[in-house]
Structures are given as structure tokens and as C-alpha cells.
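To start, the structure itself, in C-alpha cells.
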Amino acid sequence: MALRTFNTLAIAAILGMSVNVQADSSKPAGSGPNPYSDCGIGAALFSNTGWAAVTSNVIWDLGSTAITSATASPETCSGKNIKTALFIRDTYTQLVEESAAGDGMHLKTALNLVECGEAQQSSAIQAVRGEMGAALSNVDYQGKTHLEKSADFYNVINKAAATHCSV
């Protein structure tokens, strides 16, 4: 009975959320990523199995993260961005420590994932170090969840790569 109620609520939530999705009129309908199979945690875990990605996204958070990423930033639904986000989430503590030190294997791996060449990594690391130092000293930062902190680091890495690396 509980599973049936959960499934009904999940379907109702998905249908309710889909009403708020706005189409990008500059592209033909259906040309963007499918939020349930191409985005979110489901796509990261089950990139080659669409039904499993959909199921995972619905179970994880009723698909809201997948829908948000597909509508607000569809470019994040690609494999490279998902791999980078998962790597940062899984190694966040090491990345912060290495950023403070100014060097480290995890930090270089994250920069490689965003296609920052070895020759430009030194300047990118200095940018990451500065931004993360400022973020960590912010009073509100310690109250953030692990996922929020990881998302902040993801944005810092991407900004550093865009500014200091020829991607």
C-alpha cells in the first residue's frame, strides 16, 4: 500500500512540475535533453539505461533536480559535466584541502575533467584557491550541506577553467 501511495504521489508531482517547464522558442520542440533520462543523478548512474535513469531520478527527488538542470542549464546534462560533478561530490574534502595547499592529485584531476591543460593548471589552481578561500571564510558557508558545498566548488572549477584554460 505504501509503495502504491508513493508511486501515485511521484507521478502527481512529476505532472505538476511539468506544467512549470517553459519551452525555449529558439530551438525546435524536443531538441533539448530529456530531463528524466539525460539529466540528474539518474543519468549519472545509468547513462546507458534510460529506464533506470528515469526510475532513479523519480525515486531520488521526484525528478526535480533533473528537471531543473534540463531547463535552467541543459549543458550540464552532458556526460563530461556529470562526471565532473560526481567527482567533486565524492572528493570534496580532498579538493578543499588541496586547494588550500595549492596543489594535489584530486585538484589536477578535477581540472583535467573540465579540460584544463596542464600548462594552464597553475593559474587555474590559484584562482580556485582564492575563490575557495573567500567561500570558506563566509559565515554562511559552514551551514551549507555537502551537496551545496560541492556545487559551489563545481562552479569555482568551471569559472577557473573558463578564465584560465583554453577549453
**OP:** Answer yes if the side chains of Asn155 and Glu131 hold a donor-acceptor pair under 3.5 Å, and no otherwise.
**Re:**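 Glu131 and Asn155 do not have a side-chain donor-acceptor pair below 3.5 Å.
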
Mind checking the [atom1]-[atom2] spacing from [X] to [Y]? Nearest 0.5 Å is all I need.
X      : Y      : atom1 : atom2 : value
Phe87  : Tyr92  : CZ    : OH    : 14.0 Å
Phe153 : Leu95  : CZ    : CG    : 4.5 Å
Gln121 : Cys165 : CD    : SG    : 7.0 Å
Asp152 : Leu147 : CG    : CG    : 10.0 Å

Original post:
Tell me, which pairs form a ring-ring contact (aromatic ring centres under 6.0 Å, His included) where one or both residues lie in residues 97-127, sequence neighbours left out?
Top reply: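 Matches after skipping sequence neighbours: none remain.
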
Subject >> Test side chain to side chain contact (heavy atoms under 4.5 Å, CB included) applied to Glu118 and Leu111, step by step >> reply: CA-CA 9 Å; Glu118 193 174 330; Leu111 288 167; over 6 Å; no

Is any side-chain heavy atom of [X] closer than 4.5 Å to a side-chain heavy atom of [Y]?
X      : Y     : value
Asp103 : Glu98 : no
Ile125 : Ser99 : no
Leu113 : Ile88 : no

Original post:
Which heavy-atom pair separates Ala160 from Ala124 by the least distance, and what is that distance?
Top reply: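 That would be CB-O, 3.7 Å.
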
Subject >> Verdict with reasoning, Lys149 to Arg89, per side chain to side chain contact (heavy atoms under 4.5 Å, CB included) >> reply: CA-CA 9 Å; Lys149 291 175 183 178; Arg89 181 200 66 192; over 6 Å; no

Original post:
Ignoring hydrogens and geometry, is there a side-chain-to-backbone donor-acceptor pair from Thr91 to Gln94 under 3.5 Å?
Top reply: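 No, the answer is negative, given that no donor and acceptor are paired below the 3.5 Å cut-off.
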
Which pairs would a plain distance check flag for residues 132-140, meaning a side-chain donor or acceptor within less than 3.5 Å of a matching protein atom at least two apart in sequence or in another chain?
{"residue": "Ser137", "atom": "OG", "partner": "Gly133", "partner atom": "O", "Å": "3.3"}
{"residue": "Ser137", "atom": "OG", "partner": "Ala134", "partner atom": "O", "Å": "2.9"}
{"residue": "Asn138", "atom": "OD1", "partner": "Asp140", "partner atom": "N", "Å": "2.9"}

